[in-house]
Amino acid sequence: GMAGAAARGPLPLPCLLLLLLPAASAEPELRFRPPAEAPVRLFTEPELARYDGHQEGQPIYLAVKGVVFDVTSGKEFYGKGAPYNALVGKDSTRGVAKMSLDPADLTHDTTGLTEEELKSLDDIFNNVYKAKYPIVGYTSRRILNEDGSPNLDFKPEDQPHFSIKDEF
(Lines give C-alpha, C1' and ligand atoms only; values in the text may rest on other atoms or scores of the structure.)
Protein backbone atom coordinates (compact mmCIF):
# COMPACT_ATOMS: atom_id res chain seq x y z
CA GLY A 1 0.00 0.00 0.00
CA MET A 2 1.12 3.53 0.87
CA ALA A 3 4.18 2.50 2.93
CA GLY A 4 5.73 0.77 -0.06
CA ALA A 5 5.28 3.82 -2.26
CA ALA A 6 6.84 6.10 0.35
CA ALA A 7 9.91 3.88 0.69
CA ARG A 8 10.53 4.20 -3.05
CA GLY A 9 10.29 8.01 -2.95
CA PRO A 10 13.24 10.41 -2.96
CA LEU A 11 15.61 10.10 0.02
CA PRO A 12 15.77 12.98 2.48
CA LEU A 13 18.89 15.12 2.03
CA PRO A 14 20.92 13.92 5.07
CA CYS A 15 20.67 10.32 3.80
CA LEU A 16 21.87 11.37 0.36
CA LEU A 17 24.90 13.10 1.87
CA LEU A 18 25.75 10.02 3.90
CA LEU A 19 25.57 7.90 0.78
CA LEU A 20 27.91 10.23 -1.08
CA LEU A 21 30.47 10.82 1.65
CA PRO A 22 32.07 7.41 2.13
CA ALA A 23 32.49 6.97 -1.61
CA ALA A 24 34.10 10.40 -1.97
CA SER A 25 36.58 9.87 0.86
CA ALA A 26 37.54 6.35 -0.27
CA GLU A 27 38.23 7.42 -3.85
CA PRO A 28 41.80 8.85 -3.58
CA GLU A 29 43.10 5.78 -1.70
CA LEU A 30 41.69 3.41 -4.29
CA ARG A 31 43.08 5.34 -7.20
CA PHE A 32 46.68 5.05 -6.07
CA ARG A 33 46.74 1.51 -4.77
CA PRO A 34 48.25 -0.80 -7.40
CA PRO A 35 45.99 -3.76 -8.18
CA ALA A 36 46.83 -6.50 -5.70
CA GLU A 37 46.11 -9.23 -8.24
CA ALA A 38 48.91 -8.11 -10.56
CA PRO A 39 52.29 -9.10 -9.12
CA VAL A 40 55.29 -8.18 -11.24
CA ARG A 41 55.82 -11.02 -13.70
CA LEU A 42 59.31 -11.82 -14.86
CA PHE A 43 59.80 -13.14 -18.41
CA THR A 44 62.88 -15.06 -19.49
CA GLU A 45 63.72 -14.95 -23.21
CA PRO A 46 62.37 -18.48 -23.87
CA GLU A 47 59.11 -17.61 -22.06
CA LEU A 48 58.66 -14.40 -24.00
CA ALA A 49 59.36 -16.27 -27.25
CA ARG A 50 56.25 -18.40 -26.67
CA TYR A 51 54.03 -15.33 -27.18
CA ASP A 52 55.10 -14.57 -30.73
CA GLY A 53 51.63 -14.62 -32.29
CA HIS A 54 52.07 -18.01 -33.95
CA GLN A 55 49.82 -19.93 -31.58
CA GLU A 56 46.09 -19.44 -32.02
CA GLY A 57 44.38 -18.24 -28.88
CA GLN A 58 47.64 -17.29 -27.12
CA PRO A 59 48.26 -13.64 -26.26
CA ILE A 60 50.90 -11.73 -28.23
CA TYR A 61 53.65 -10.07 -26.19
CA LEU A 62 56.28 -7.54 -27.19
CA ALA A 63 58.97 -6.08 -24.93
CA VAL A 64 60.36 -2.56 -25.29
CA LYS A 65 62.97 -1.29 -22.80
CA GLY A 66 62.45 -4.48 -20.81
CA VAL A 67 58.73 -3.81 -20.35
CA VAL A 68 56.48 -6.57 -21.68
CA PHE A 69 53.28 -5.35 -23.35
CA ASP A 70 50.27 -7.42 -24.34
CA VAL A 71 49.72 -6.32 -27.96
CA THR A 72 47.05 -8.93 -28.71
CA SER A 73 44.49 -6.20 -29.43
CA GLY A 74 46.80 -5.06 -32.25
CA LYS A 75 46.71 -8.50 -33.90
CA GLU A 76 46.44 -6.99 -37.37
CA PHE A 77 49.89 -5.43 -36.81
CA TYR A 78 51.59 -8.02 -34.62
CA GLY A 79 49.90 -11.36 -35.32
CA LYS A 80 51.19 -14.21 -37.47
CA GLY A 81 51.92 -12.92 -40.98
CA ALA A 82 51.21 -9.31 -39.94
CA PRO A 83 53.64 -6.48 -40.83
CA TYR A 84 55.26 -6.12 -37.39
CA ASN A 85 55.17 -9.76 -36.32
CA ALA A 86 59.00 -9.80 -36.35
CA LEU A 87 58.98 -7.53 -33.27
CA VAL A 88 56.97 -9.80 -30.97
CA GLY A 89 58.03 -12.59 -28.64
CA LYS A 90 61.20 -10.70 -27.74
CA ASP A 91 62.61 -7.40 -26.54
CA SER A 92 62.76 -5.34 -29.73
CA THR A 93 63.91 -2.06 -28.20
CA ARG A 94 66.55 -1.38 -30.84
CA GLY A 95 64.19 -2.15 -33.72
CA VAL A 96 61.57 0.22 -32.28
CA ALA A 97 64.19 2.96 -31.85
CA LYS A 98 65.47 2.59 -35.41
CA MET A 99 62.07 1.80 -36.97
CA SER A 100 63.78 -1.33 -38.26
CA LEU A 101 62.59 -4.90 -38.73
CA ASP A 102 66.11 -6.07 -39.59
CA PRO A 103 66.73 -9.22 -37.48
CA ALA A 104 70.02 -7.70 -36.29
CA ASP A 105 68.03 -4.83 -34.71
CA LEU A 106 65.48 -7.01 -32.91
CA THR A 107 67.33 -6.85 -29.62
CA HIS A 108 67.28 -5.09 -26.26
CA ASP A 109 70.69 -3.60 -27.02
CA THR A 110 70.69 0.18 -27.48
CA THR A 111 74.47 0.59 -27.84
CA GLY A 112 75.42 3.23 -30.40
CA LEU A 113 71.91 4.57 -31.03
CA THR A 114 71.80 8.26 -31.98
CA GLU A 115 70.12 10.95 -29.84
CA GLU A 116 67.25 11.07 -32.38
CA GLU A 117 66.78 7.30 -32.23
CA LEU A 118 66.74 7.34 -28.42
CA LYS A 119 64.22 10.20 -28.41
CA SER A 120 62.07 8.36 -30.96
CA LEU A 121 62.28 5.24 -28.76
CA ASP A 122 60.97 7.15 -25.74
CA ASP A 123 58.19 8.78 -27.75
CA ILE A 124 56.97 5.45 -29.13
CA PHE A 125 57.39 3.73 -25.75
CA ASN A 126 55.27 6.36 -23.96
CA ASN A 127 52.80 7.43 -26.64
CA VAL A 128 52.17 4.15 -28.41
CA TYR A 129 52.98 1.17 -26.22
CA LYS A 130 52.29 2.56 -22.75
CA ALA A 131 49.24 4.44 -24.01
CA LYS A 132 47.62 1.54 -25.89
CA TYR A 133 48.74 -1.80 -24.50
CA PRO A 134 48.61 -3.22 -20.97
CA ILE A 135 51.91 -4.02 -19.25
CA VAL A 136 52.02 -7.70 -18.31
CA GLY A 137 55.53 -7.95 -16.90
CA TYR A 138 59.22 -7.28 -17.39
CA THR A 139 62.15 -9.09 -18.93
CA SER A 140 64.60 -10.67 -16.52
CA ARG A 141 67.19 -8.22 -17.86
CA ARG A 142 65.03 -5.34 -16.57
CA ILE A 143 64.42 -6.87 -13.12
CA LEU A 144 67.68 -8.71 -12.39
CA ASN A 145 71.34 -7.76 -12.31
CA GLU A 146 73.88 -9.52 -14.56
CA ASP A 147 74.61 -12.03 -11.78
CA GLY A 148 70.92 -12.92 -11.38
CA SER A 149 70.40 -11.04 -8.12
CA PRO A 150 67.36 -8.73 -7.87
CA ASN A 151 67.98 -5.21 -9.16
CA LEU A 152 67.13 -3.03 -6.17
CA ASP A 153 66.62 0.02 -8.42
CA PHE A 154 63.81 -1.70 -10.34
CA LYS A 155 60.56 0.27 -10.36
CA PRO A 156 57.45 -0.90 -12.19
CA GLU A 157 56.20 1.44 -14.92
CA ASP A 158 53.01 3.35 -14.24
CA GLN A 159 50.39 3.64 -16.97
CA PRO A 160 48.55 6.84 -16.02
CA HIS A 161 47.42 7.66 -19.55
CA PHE A 162 46.56 4.11 -20.52
CA SER A 163 43.17 3.84 -22.16
CA ILE A 164 42.08 0.72 -23.93
CA LYS A 165 39.40 2.85 -25.68
CA ASP A 166 41.93 3.86 -28.31
CA GLU A 167 41.66 0.35 -29.73
CA PHE A 168 38.04 0.62 -30.83
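Pairs engaging residues 48-72 under the salt bridge (charged side-chain N to carboxylate O under 4.0 Å, His left out) rule: Lys65-Asp122 [sequence neighbours left out]. The ring-ring contact (aromatic ring centres under 6.0 Å, His included) pairs that include a residue from residues 57-76 are Phe43-Tyr61, Tyr51-Tyr61, Phe69-Phe125, Phe69-Tyr129, where partners are two or more places apart or lie in different chains. Residues in residues 78-94 take part in these salt bridge (charged side-chain N to carboxylate O under 4.0 Å, His left out) pairs, two or more places apart or across chains: Arg94-Asp105.
Shortest non-hydrogen contact noted between Val71 and Tyr133 is CA-CD2, 3.6 Å. Asp147 approaches Ser149 most closely through the heavy-atom pair OD1-OG, 2.6 Å.
Asn127 pairs by the side chain to side chain donor-acceptor pair (under 3.5 Å) definition with nothing, not counting sequence neighbours. Residues satisfying the side-chain contact (heavy atoms from CB on, under 4.5 Å) test with Thr111, not counting sequence neighbours, are Asp109. Asn126 meets the side chain to side chain donor-acceptor pair (under 3.5 Å) test with no other residue; sequence neighbours excluded. Take Ser140 and apply the side chain to side chain donor-acceptor pair (under 3.5 Å) test, not counting sequence neighbours, and it matches no residue. Here Asp153 pairs with Asn151 under the side-chain contact (heavy atoms from CB on, under 4.5 Å) rule; sequence neighbours left out. Not counting sequence neighbours, the partners of Arg142 by the side chain to side chain donor-acceptor pair (under 3.5 Å) test are Glu157. With sequence neighbours left out, the salt bridge (charged side-chain N to carboxylate O under 4.0 Å, His left out) criterion links Lys119 to Asp123.
Taken from NZ in Lys98 to CD in Glu117, the straight-line distance is 6.0 Å, to the nearest 0.5 Å. In this structure, CG in Leu106 is found 10.0 Å from CG in Leu62, a value given to the nearest 0.5 Å. The CG atom of Leu144 sits 8.5 Å away from atom OG1 of Thr139, with the distance rounded to the nearest 0.5 Å. With rounding to the nearest 0.5 angstrom, the CZ atom of Phe77 is 12.0 Å from the CD1 atom of Ile60.
Put simply, the side chain of Ser92 does not reach to within 4.5 Å of the side chain of Tyr84, judged on heavy atoms. Val64 is listed as a side-chain neighbour of Leu121, based on a closest heavy-atom distance under 4.5 Å. Considering only heavy atoms from C-beta on, Thr107 stays 4.5 Å or farther from Thr93 through its side chain. Contact of the Val67 side chain with the Tyr138 side chain is registered, since non-hydrogen atoms from C-beta on lie closer than 4.5 Å.
Atom CD of Gln58 has more than 12 neighbouring heavy atoms from other residues, nucleotides or ligands inside a 6.0 Å radius.
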